[in-house]
Amino acid sequence: MRVLFVSSEVFPLIKTGGLADVSGSLPSALQHIGVDIRVLVPGYPAVLDKLSNLQMIAQLENLPVINNASLLMGTIEDSQIKVMVIKAAGLYEREGGPYADANGLEWLDNPLRFGVLSKVAAILSGPHSPITDWQPNIVHCNDWQTGLTPAYMKLVEHSTAKSMISLHNMAFQGCYAPGWLSTLELPHSSFEIEGFEYHGQLSFLKAAIFYADTITTVSPSYAKEIQSAEFGFGLEGLLSKRSNEIKGILNGIETDEWNPEFDPHLIKTYSATKLAGKKLVKSTLQERLGLHIDASAPLLGVVSRLTHQKGLDMLVPIMQDLIDSGCQLALLGSGETELENAFKLLATKNPGSASVNIGYNEPLSHQIMAGCDMFIMPSRFEPCGLNQLYGLAYGTPPIVNATGGLADSVVDTNIVSFKNKTANGFVMSEASSASLHSCIKQALNVFNNDAGAWRQIQKNGMSLNLSWDKSALEYLAVYRMLSKAS
Ligand code: ADP
Ligand code: GLC
């Protein structure tokens, strides 16, 4: 089984969110169970810097617009994953992020940047590949940035490999003006409903959903949700038509990276059977963030993009009341200015009780996950979500809304679930401030009044196997099914 795994971000090379975590850890789990896998990623400066062992393996030709690009290959040291990198100086080697410049403005040529990524993936799986000693049977695409790959494979490269798209977030679709069709050398005849046209625009994600041989989502609940108008972002009709071919596979976590027993970012490590270290991590975090050092103050953690999806606007109106009742807040995130400002104001008003860090900080994200008592994630929709999984692993019970992967991984604490030892967090009854408030109060009730019960809830989460073991086998089964299909 040879798999080309195509992604626009891969941890530890380049990361803006959970897609990078998955693209860094799933290939490694698949490699462990015998899959011959290579990852294809754009050659952003960070990727070129971090892969010290890069070697050129081919010259890339017949790409849209670009006439001088090459394919390099290197290995991620920790995982020994082979990474193929597209080096095209004008396209990816720029200051700023993978999708936007330093001011957050999307790169205007994103259709070309990710069109080229998609095209290279298709070429590598087709009869004109410049690499003769390695051809994939499966091309595993991820999100809109790789969405044109299945279309190029079928319509242009006439590849015999099978394609699949993993949907990590339907909210981002990559829709662009039809003028890009010619630039990207896509057949105009497929710019129609039965193709990649979407409300008069070229849609990268629709191209994937329409042309891929199969579709996966990053949790079973999300597979069902996206077939409804509420979560399908306009593509629910097409997804419903392909209903039988959509499989939801819950994300796992990289247990080498996210493990309180070995985490190098923590002052002291701890485990389900030796929870004592978590206390020191909490007081160190409180000190670092300028919070009152108080073991009994319930410390609420947030690490998140601050966008509508994540629902943290629901926390703003209730947070003062929670602080007044003795809670503390440790928030790390960035996103919508209005929300950033609302949290900054809360921190200014509550020195010693609320810490708000606007920005991106990998070590601090680990310290918040470990040092807090509970993790707040009231997402309106959540394809999978990794942070609640990290919360479970770190003995920081998640407080979540019942959607997507949150519903598939967090078990609400009630009499039955507590008795049968499955309770591992607290689940809101609906996406509203009032529901979030009452859910947090339920958690506080246990935290403040019943230390034994709290420890049990922590341990229930910490003893789950959240690794990729099971889900990697499910992906392998999909690959096998695909390669058998004619
Ligand atoms: P999404 O990909 O939708 O943002 P996930 O929960 O799947 O949500 O993954 C988010 C990932 O990004 C996690 O690894 C989380 O720790 C990380 N992350 C999000 N915001 C920040 C931040 N401000 N600083 C550091 N890491 C962050
Ligand atoms: C997306 C989703 C998130 C998911 C991640 C990795 O960013 O928003 O829910 O965990 O992809 O699959």
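Both ligands and their constituent atoms are indexed starting at 1 by order of listing.
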Mind checking whether V303 has an N or O less than 3.5 Å away from an N or O of ligand 1?
no
Mind checking whether E382 has an N or O less than 3.5 Å away from an N or O of ligand 2?
yes
Let me confirm one number: the CG-OG distance from N424 to S409, rounded to the nearest 0.5 Å.
7.5 Å
A20 to ligand 1, any heavy atom closer than 4.0 Å
no
Proximity flag F11 to ligand 1, non-hydrogen atoms under 4.0 Å
no
Shortest protein contact, atom 4 (O) of ligand 1 (heavy atom only):
R305 NE, 2.8 Å
Rounded distance (nearest 0.5 Å) linking atom CD of Q173 with atom CG of D143:
10.5 Å
Contact between K310 and ligand 1, counting heavy atoms under 4.0 Å?
yes
So which heavy atom in the protein is nearest atom 16 (O) of ligand 1, and how far is it from that ligand atom?
N387 OD1, 3.2 Å
For the residue pair Q328 and N350, confirm or rule out a side-chain donor-acceptor distance under 3.5 Å.
no
Between N142 and S7, a side-chain donor and acceptor under 3.5 Å:
no
Contact region, D21 to ligand 2, non-hydrogen atoms below 4.0 Å, reads neither
Please confirm whether the backbone N or O of L105 pairs with a side-chain atom of N103, one donor and one acceptor, at under 3.5 Å?
no
I'd like to know if the side chain of Q458 reaches the main chain of G395, judged simply by a donor and an acceptor atom lying under 3.5 Å from each other, with no hydrogens or angles considered.
yes
Please list the nearest protein heavy atom to atom 5 (P) of ligand 1 with its residue and the distance rounded to 0.1 Å.
L386 N, 3.6 Å
Is it true that the side chains of T284 and K268 contain a donor and an acceptor less than 3.5 Å apart?
no
May I ask whether C384 places a heavy atom under 4.0 Å from ligand 1?
no
Looking at atom 24 (N) of ligand 1, what's its closest protein heavy atom, distance included?
N361 N, 3.0 Å
Would you say K15 touches ligand 1, if touching means a heavy atom closer than 4.0 Å?
yes
G18 versus ligand 2: do any nitrogen or oxygen atoms come within less than 3.5 Å of each other?
no
Note: ligand 2 atoms sitting under 4.0 Å from heavy atoms of V218 are 12 (O)
Looking only at the side chains, is there a donor atom on one of S432 and E430 sitting less than 3.5 Å from an acceptor on the other?
yes
Below 4.0 Å, non-hydrogen atoms only: which portion of D21 touches ligand 1? Side chain, backbone, both or neither.
side chain
Which ligand 2 atoms are under 4.0 Å away from a heavy-atom of V22?
6 (C), 12 (O)
Evaluating non-hydrogen atoms only, which member of M377, Q309, E9, Q388 is closest to atom 8 (O) of ligand 2?
Q309
Which of the numbered atoms in ligand 2 are under 4.0 angstrom from any heavy atom belonging to N251?
6 (C), 10 (O), 12 (O)
N/O of G18 under 3.5 Å from N/O of ligand 1, yes or no?
yes
For atom 2 (C) of ligand 2, what is the nearest protein heavy atom, given as residue, atom name and distance?
H168 O, 3.1 Å
If we only consider heavy atoms of G385, is any one of them less than 4.0 Å away from an atom in ligand 2?
yes
Check whether Y394 reaches the backbone of I368 with its side chain - one donor and one acceptor, N or O, closer than 3.5 Å.
no
Indicate whether the side chain of D469 and that of S467 have a donor and an acceptor atom separated by less than 3.5 Å.
yes
Side-chain donor-acceptor contact under 3.5 Å, T16 with E9
yes
Going by the angle between their ring planes, with limits at 30° and 60°, are F447 and W454 parallel, tilted or perpendicular?
perpendicular
